[in-house]
K.L.:
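Could you have a look at this structure, given as structure tokens, before my questions?
As the structure lists them, so they are numbered: ligands from 1, and atoms in each ligand from 1.
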Amino acid sequence: MTEHAVVIVGGGPAGMMLAAELALAKVDVAIVERRAGQDIDGSRSGGLLARTIEVLDQRGVADRFVSEGQVVHVWGDFAGVQMGIGDFPTRHNYVLALWQNHIERILGGWVDELPVTIYREREATGVTQGDTCVEVALSDGRSLRAEYLVGCDGGRSLVRKAAAIEFPGWDASTSFLIAEVEMDGEPEVGMQRDDKGVHAIGPIEGERRFRVVVREEQLGRNGEPTLSDLSEQLVGARGTDYGLRRATWISRFTDMARQAASYRKGRVLLAGDAAHVHSPMGGQGLGTGVQDAVNLGWKLAQVVKQTSPESLLDTYHAERHPVGARVLQLVMALNALSPAGARTEALRETLSEAVSLDGPRRLLAGRLSGLDIRYDLGDGHPLRGRRMPDLDLVTADGPLRVFTLLHEARPVLLNLGEPGGLESGPWADRVPLVDAGYEGEWELPVLGAVSAPAAVLVRPDGHVAWVGEGTGAGLAEALTTWFGPPRAA
Ligand SMILES: Cc1cc2nc3c(=O)[nH]c(=O)nc-3n(C[C@H](O)[C@H](O)[C@H](O)COP(=O)(O)OP(=O)(O)OC[C@H]3O[C@@H](n4cnc5c(N)ncnc54)[C@H](O)[C@@H]3O)c2cc1C
């Protein structure tokens with residue numbers, strides 16, 4: 001039986017990102033993927049939000065995406081108020097409009113440069129967990145054995161079901177058809193909110209095709225939606241189907257919201273849509289999965305390499321489950337504000353007055369962009385548990401961006417005080433120490449200015465694990481917690 005340290009089921013955005021993280025950490029990783037390549041049917045995610053672009057920047061690949069997408073400074077709305085983060089202290093204070101097929105192609109291209117085995121056109125059909133390994137049966141009759149298996153296999157995750165991980169949440173209350181179509185007539189493009197709900201038609205750039213989203217009058221229709229279903233809903237919503245002729249893709253999505261009760265069960269872990277599903281409103285899905293992968297990858301690598309105990313993996317659930325729960329809450333709030341009708345209108349208008357104020361706008365924009373994420377790593381300096389800003393540092397070797405120090409998915413101990421004033425001691429081989437200076441202000445999204453630390457311990461995912469305020473107090477404990485106990489001499 002073929003063995004790998006880690007097997008990932010599903011080579012979508014979450015699976016690809018996780019494979020890259022593990023490969024960068026020099027872990028033997030394989031992906032099992034049903035599709036022959038990275039092509040997807042139709043358009044799904046329409047872009048990347050700020051924190052997702054930042055995590056790609058931490059690995060030095062953000063430019064590959066930014067150069068193919070379109071920078072949008074004001075995007076979406078909350079209760080009718082346009083959201084923008086132009087004033088946030090990040091290099092990526094925007095949304096990058098880029099369809100998911102391009103995101104996946106670029107991610108796939110990066111993964112192809114790394115030592116990752118991909119078993120394509122094969123499905124995982126079963127999972128058996130033992131004390132020391134986990135086996136996954138494939139549709140070609142073969143099996144793979146691994147120390148850990150990660151289900152990145154989407155909302156209908158076989159891995160989640162096989163591991164008997166519960167998926168509690170809320171059933172759908174409304175459903176939509178989404179399609180890419182050809183029409184003989186000239187449809188009225190744009191978003192419309194009427195007493196039937198929200199519908200949108202937009203041109204597909206450079207083509208005579210349109211992207212259509214229309215609410216279904218009836219909930220609970222099963223089976224693949226057809227061209228006549230789409231026509232019926234369009235006529236119901238707009239009085240005409242605009243000479244609907246052909247659809248190259250029709251799909252259905254709902255406002256169902258569910259989250260895995262546990263992101264880990266023994267040697268099985270979940271990431272991406274396998275761990276959380278919700279409606280596409282707010283554009284949260286893809287980025288949350290990519291960020292799950294960035295939280296999990298280095299931890300899994302350290303456990304596989306036996307530098308950290310397996311209890312480190314429990315911090316994955318402890319950190320990412322609350323983030324997923326907040327995403328579900330945000331998306332459900334957006335859904336609740338979407339239906340037409342006097343009561344929702346009253347709620348929207350009341351809320352929009354509050355959200356127009358700067359404080360609430362920053363709060364919500366921080367949440368939508370993912371820049372407000374804080375893992376509960378204890379009290380103290382506000383940086384602790386939050387993302388490390390991508391500062392322009394000065395070092396003995398010249399200028400250096402913080403994110404450059406994270407390109408290899410390794411941690412860094414940044415001494416911003418007296419050069420030579422801090423040591424990583426027995427962790428020196430695992431945690432590089434960099435002496436650097438920084439002259440500017442320390443500013444965090446949403447929070448604003450914070451006091452300048454004398455040193456920071458930054459985890460490979462870019463979150464600050466320890467803040468030094470002039471002494472090394474607490475550093476050894478933080479190094480042990482996150483990067484394993486010191487090795488015996
Ligand atoms: C209409 C629509 C609009 C959306 N808009 C947005 C948006 O604007 N912004 C946003 O961030 N997100 C959006 N999303 C959500 C986004 O598409 C998903 O969150 C994202 O694709 C999840 O990535 P993933 O890797 O977790 O799962 P998936 O993309 O579902 O990937 C799972 C992979 O696993 C493979 N697989 C599944 N089962 C098996 C098996 N048994 N064996 C082998 N392979 C298997 C599949 O082929 C697939 O490649 C939208 C989704 C939809 C449907």
K.L.:
Name the residue from Arg209, Arg208, Arg211, Arg245 that meets the salt bridge (charged side-chain N to carboxylate O under 4.0 Å, His left out) definition with Glu182.
P.N.:
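The option that passes is Arg245.
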K.L.:
Angle class for the Tyr263/His276 ring planes (parallel below 30°, perpendicular above 60°, tilted otherwise)?
P.N.:
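Tilted: the ring planes of Tyr263 and His276 meet at 30° to 60°.
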K.L.:
Anything under 3.5 Å between an N or O on ligand 1 and a protein N or O? List each pair with its distance, or write none.
P.N.:
unit_1   : atom_1 : unit_2 : atom_2 : d
ligand 1 : 5 (N)  : Arg44  : O      : 3.4
ligand 1 : 8 (O)  : Gly46  : N      : 3.2
ligand 1 : 9 (N)  : Ser45  : OG     : 3.1
ligand 1 : 9 (N)  : Gly283 : O      : 3.4
ligand 1 : 11 (O) : Gly283 : O      : 3.0
ligand 1 : 11 (O) : Gly285 : N      : 3.3
ligand 1 : 11 (O) : Leu286 : N      : 2.8
ligand 1 : 12 (N) : Leu286 : N      : 3.2
ligand 1 : 17 (O) : Arg44  : NE     : 3.3
ligand 1 : 17 (O) : Gln100 : OE1    : 2.7
ligand 1 : 19 (O) : Asp273 : OD1    : 2.8
ligand 1 : 19 (O) : Asp273 : OD2    : 3.3
ligand 1 : 19 (O) : Leu286 : N      : 3.3
ligand 1 : 21 (O) : Arg44  : NH2    : 3.4
ligand 1 : 21 (O) : Gln100 : NE2    : 2.8
ligand 1 : 25 (O) : Pro13  : N      : 3.2
ligand 1 : 25 (O) : Ala14  : N      : 2.9
ligand 1 : 26 (O) : Asp273 : N      : 2.8
ligand 1 : 38 (N) : Arg34  : NH2    : 3.3
ligand 1 : 41 (N) : Ala124 : O      : 3.2
ligand 1 : 42 (N) : Ala124 : N      : 2.9
ligand 1 : 44 (N) : Arg34  : N      : 3.2
ligand 1 : 47 (O) : Glu33  : OE2    : 2.7
ligand 1 : 49 (O) : Glu33  : OE1    : 2.7
ligand 1 : 49 (O) : Glu33  : OE2    : 3.1
ligand 1 : 49 (O) : Arg35  : NE     : 3.0
ligand 1 : 49 (O) : Arg35  : NH2    : 2.8

K.L.:
Mark yes when over 12 heavy atoms from residues, nucleotides or ligands other than Glu224 sit less than 6.0 Å from its CD; otherwise mark no.
P.N.:
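Open.
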K.L.:
Restricting to side chain to side chain contact (heavy atoms under 4.5 Å, CB included), what partner residues turn up for Glu104, sequence neighbours left out?
P.N.:
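By the side chain to side chain contact (heavy atoms under 4.5 Å, CB included) rule, Glu104 matches Pro13, Arg35, Gln38, Ile40, Gln100.
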K.L.:
Is the terminal nitrogen or CZ of Arg267 (NZ for Lys, CZ for Arg) located under 6.0 angstrom from the six-membered ring centre of Tyr148 and within 45° of that ring's axis?
P.N.:
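Output yes; distance and angle both within limits.
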K.L.:
Around Asp140, counting heavy atoms of other residues, nucleotides and ligands shown, do more than 12 lie under 6.0 Å from its CG?
P.N.:
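More than 12 within 6.0 Å, yes.
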